[in-house]
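In what follows, chains are A, B, ... by sequence order, proteins preceding strands, each numbered from 1. Bear in mind the structure is a predicted one, so any value in this text is a computation, not a measurement.
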2 protein chains.
Amino acid sequence: MEAAAAREGVDAEIIRQGLAEGTIALPANPNHVTLQPLAIGKGLKTKVNANIGTSTDYPRLEDEIAKLKVALDAGADALMDLSTGGDIAGIRRAILEACPVPLGTVPIYQAAVETVAAGSTVADIDPELIFDVIERQAAEGVDFMTVHSGITTEVVMRLQREGRVTDVVSRGGSFLVCWMLKNKAENPLYRDFDRLLEIAVKYDVTLSLGDGLRPGCLADATDRAQIQELLILGELTDRAWEAGVQVMIEGPGHMPLDQIEANILLQKRICHGAPFYVLGPLVTDVAPGYDHITSAIGGALAAKAGADFLCYVTPAEHLGLPEAEDVRQGIIAARIAGHAADIIKGVPGAREWDRRMAQARKALDWEAQMELAIDPARAREYHSRRAGKDPEVCSMGGDFCAMRVLSRQLEEGRATCRCSE
Amino acid sequence: MEAAAAREGVDAEIIRQGLAEGTIALPANPNHVTLQPLAIGKGLKTKVNANIGTSTDYPRLEDEIAKLKVALDAGADALMDLSTGGDIAGIRRAILEACPVPLGTVPIYQAAVETVAAGSTVADIDPELIFDVIERQAAEGVDFMTVHSGITTEVVMRLQREGRVTDVVSRGGSFLVCWMLKNKAENPLYRDFDRLLEIAVKYDVTLSLGDGLRPGCLADATDRAQIQELLILGELTDRAWEAGVQVMIEGPGHMPLDQIEANILLQKRICHGAPFYVLGPLVTDVAPGYDHITSAIGGALAAKAGADFLCYVTPAEHLGLPEAEDVRQGIIAARIAGHAADIIKGVPGAREWDRRMAQARKALDWEAQMELAIDPARAREYHSRRAGKDPEVCSMGGDFCAMRVLSRQLEEGRATCRCSE
């Protein structure tokens, strides 16, 4: 708690109080020995998560370790390992060992992969396997887990009545809905939520209550299915807190610009102030290849309205598994969104960072500008590639740099003024 | 007017009425013979402008023609030629000829370049030369011109009293402030505004009233100097309309997230509904190399609040003159911002575009997804580079694609339901 507070530049009492109220989470599994504690929630810097992990098409551990390094270098505050290809248990252990930030997973993925590997389909996942996987991952040291406990039979009924364009786009959510439809039974992660809480208490795992019915397109945003699930997540939040389990709530998704603020308000009210972890929101569906930008727009608005934790979206979203450069682009875009909001939320140090950059610009101090850049390597690369003849000014302004023209004139102007006094 | 209306998918009467009220501008110089008319303003699609043009360090015409082609290909609605290097008159004529969209300029640049070429400084620009350049450019066919007529002696006094971090970052603005300080005289573009109006009437040039005192950093946003200039621009709007001259108002700049809506409201009220043309706004100062993203965030919010015309910002902003790829990135980012706002403003066709994309995603129809993408070439490139073994799904989901998992199960689910009926 002290370490997390020092890192934020806030008093430890703020973190302590937020933890007591549930408005702050500090995902820290004691078995994650390499972890440097990080707090997420009200009054703190907006945090950024990067999803990494293999797929069936790209199952190599080395690629994911490379992404992990890029992610940490680019400033990710947390990571999630979403591997579904290769030796996913081994991959997760390797990532955990190399990971000084909180690590999250979606345990249902491993249960699905093991079930399919054994020749069945995701609709046949054994509920015992789900809890077994959750306990195995908790014992290994996973700090937070996405569990789609809010997809109840009632929520699925509401989904079917609603009639969506893209139905369910959450992978974990789709597995559970399949299971429920096939088995005509309640979601085991809801039915046996107390069992989940026991594991979470035992290993001090933070639950990230997943939004299995997050809208996958603008047309489905803020519909009855999404809000019905949110109501259930609110109730589960109370139950988790009563059991002494830390909770975060996951949120949409694809969403028109004018629905974001209402969604954050709704989540905060319904889940009694629990930290809100948003994926996006993506403010248009039509920009594959640029969804780090569509989600930076939505993320900035969400964070402004109170979202605490932004899950990055990379330019590869909707097109394929991201590569290391996509990871970097996604993290920086999400950090920009979070920082833009932190400036107006009065997060310690946020506004000062911008002021120092502005002063460096005015002084034409290029070295300071590069050091203060959110991605110094990229700023340096750009600036040197497009360098002009005169190192004092950039190649856009050149001889007509506004800063220099005016600086010189103001000197002269002041001299003239003095002369005329 | 008919052509512009057809292009928007709106009734010509809407354009006619907007032009009569001044809430729509249709920059179309009769001497720009290659122009396809474009309307900008209330009730219409948010438009995107791309700045191209040489600098003293990169004076080659070929580079700018290449950028022009990239800009048009990426969907720029208008271009501005901001050349300050090489044979700028010849470059402008070549660009104008190759340009089917409205072309804008900042004539004070040419006046400054010619003055410096003759051995003087920008503080010594002859006012006669400014008007001469304006008339020459108008005669050639430039559709809209940025004129910083709002920088009056009173505004400069207010700037000096305010005490800014980055003073003046508008290049045209800095030249005029220099001239005013050196010559202890009123801004000729304000003093002789009627002369400017005469030229604008004669050649049917739209005036883009520049914000010479736009904030260059968050700390300077919405300060007394900026708002004082806006008040003057409001008065000049009335005078232009009385003279039968079309007007757009340029706006900030660097600006915290929470000041954007108020700025748009203020501009619309003070300038009696004239179209608002914003540069950014950039919602943080600290992201050189990513300012297309910082301005997409601000641009989306600005367009949501009523801005009509977004000037793109490229990733090279604050670092150097953009290259062709930067131009493309900047335009797409600004188009995303504009489109995100158009969706919620009810612009014809905006929401339908997203719905078609969502339907293509649900159907796993990759060809339709690529065709519907805002940048089909980039989407195809990403998708093919990260292709998986199974062409039906992407390499992120692979065997565990939520869309496919659920589609299959829903078929089964429905079958099951029918069986049990």
Side-chain angles (χ1 to χ4, degrees), chain A residues 55-57 84 165-169 171 174 178 181 217-219 256-258 283-290 293-294 296-297 300 304 319-321 332-333 336 339-340 343-344 353-355 357-358 362 373-375 378-379 382-383 386 388-389 394-396 398-400 402 405-406 409 413, chain B residues 55-57 84 123 165-169 171 174 178 181 217-219 256-258 283-289 293-294 296-297 300 304 319-321 332-333 336 339-340 343-344 353-355 357-358 362 373-375 378-379 382-383 386 388-389 394-396 398-400 402 405-406 409 413:
Chain A
S55 70
T56 46
D57 288 313
T84 55
V165 178
T166 55
D167 291 326
V168 181
V169 296
R171 272 191 289 175
S174 76
C178 282
L181 291 174
C217 65
L218 266 58
L257 268 180
D258 60 349
V283 295
T284 172
D285 303 329
V286 304
Y290 298 89
I293 298 180
T294 66
I297 295 172
K304 173 176 184 277
L319 296 170
L321 197 72
I332 300 290
I336 288 171
H339 176 65
I343 289 167
I344 63 164
W353 183 9
D354 285 60
R355 179 175 281 270
M357 176 63 90
K362 177 64 186 168
I374 196 164
D375 183 351
R378 170 144 161 163
Y382 251 104
H383 186 59
R386 293 297 274 172
K389 291 175 195 75
C394 89
S395 64
M396 177 181 264
D399 295 346
F400 299 97
V405 161
L406 197 69
Q409 188 60 42
Chain B
S55 71
T56 45
D57 288 314
T84 55
V165 177
T166 55
D167 292 325
V168 181
V169 297
R171 272 190 289 173
S174 76
C178 281
L181 291 173
C217 65
L218 266 58
L257 268 179
D258 60 349
V283 296
T284 172
D285 303 329
V286 303
I293 299 179
T294 65
I297 296 171
K304 174 176 184 274
L319 296 169
L321 196 72
I332 300 290
I336 288 170
H339 176 65
I343 289 167
I344 62 164
W353 183 10
D354 285 60
R355 179 176 281 269
M357 176 63 92
K362 177 65 186 166
I374 196 164
D375 183 350
R378 170 143 160 164
Y382 251 103
H383 186 59
R386 294 296 274 174
K389 291 176 194 74
C394 90
S395 64
M396 177 181 263
D399 296 344
F400 299 97
V405 161
L406 197 70
Q409 188 59 41

Trainee: Under 3.5 Å, side chain of B/Ser55 to main-chain N/O of A/Ser395, donor-acceptor pair present?
Mentor: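 Side chain of B/Ser55 to backbone of A/Ser395: a pair is present.
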
Trainee: Say you draw a straight line from CG of A/Asp285 to NE2 of B/His339; how long is it, rounded to the nearest 0.5 Å?
Mentor: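 A/Asp285 atom CG to B/His339 atom NE2 measures 7.5 Å (nearest 0.5 Å).
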
Trainee: So which of B/Val168, B/Thr56, B/Val169 has the biggest tally of heavy-atom pairs under 4.5 Å with chain A?
Mentor: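 Greatest number of close heavy-atom pairs with chain A: B/Thr56.
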
Trainee: Tell me which of these, B/Thr166, B/Val286, B/Asp258, B/Thr84, has more heavy-atom pairs under 4.5 Å with chain A than the rest.
Mentor: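 Top option by heavy-atom pairs under 4.5 Å: B/Val286.
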
Trainee: At a 4.5 Å cut-off on heavy atoms, which part of B/Leu218 comes close to chain A: side chain, backbone, both, or neither?
Mentor: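 For B/Leu218, the contact with chain A is made by the side chain alone.
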
Trainee: Which heavy atom in B/Ile374 sits nearest to a heavy atom in A/Tyr290, and how many Å separate them?
Mentor: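 Nearest pair, atom of B/Ile374 first, then A/Tyr290: CG2-CD1, 4.4 Å.
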
Trainee: Any ion pair linking B/Asp167 and A/Lys362 (charged N to carboxylate O, less than 4.0 Å)?
Mentor: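 Answer for the salt bridge query: yes.
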
Trainee: If you look at every heavy atom in A/Ala379 and B/Pro288, which pair is closest and at what distance?
Mentor: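 Distance-wise, the nearest heavy atoms are CB-O, 4.0 Å.
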
Trainee: Identify which part of A/Ile332 has an atom lying under 4.5 Å from any heavy atom of chain B, answering side chain, backbone, both or neither.
Mentor: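 Contact with chain B is through the side chain of A/Ile332 alone.
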
Trainee: To check you understand the geometry: which heavy-atom pair defines the closest contact between B/Ile297 and A/Ile336, and what is its length?
Mentor: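 It is CD1-CG2, 3.9 Å.
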
Trainee: Of all the heavy-atom pairs spanning B/Tyr382 and A/Leu319, show the shortest one and how long it is.
Mentor: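 Looking at all heavy atoms of both residues, the closest pair is CB-CD1, 3.5 Å.
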
Trainee: For each of B/Met357, B/Arg355, B/Arg378, tally heavy-atom pairs with chain A at distances under 4.5 Å, and name the one with the top tally.
Mentor: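 Among the listed options, the one with the most contacts to chain A is B/Arg378.
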
Trainee: To the nearest 0.5 Å, what is the distance between NZ on A/Lys389 and CG on B/Asp57?
Mentor: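 One gets 4.5 Å once the value is rounded to the nearest 0.5 Å.
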
Trainee: With a 4.5 Å cut-off on heavy-atom pairs, point out which of A/Ile293, A/Leu257, A/Asp375, A/Thr294 contacts chain B the most.
Mentor: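 That would be A/Leu257.
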
Trainee: Using modelled atom types only, decide if a donor and an acceptor are shared between the side chain of B/Thr284 and the backbone of A/Ala340 within a distance under 3.5 Å.
Mentor: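 Not a single qualifying donor-acceptor pair exists.
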
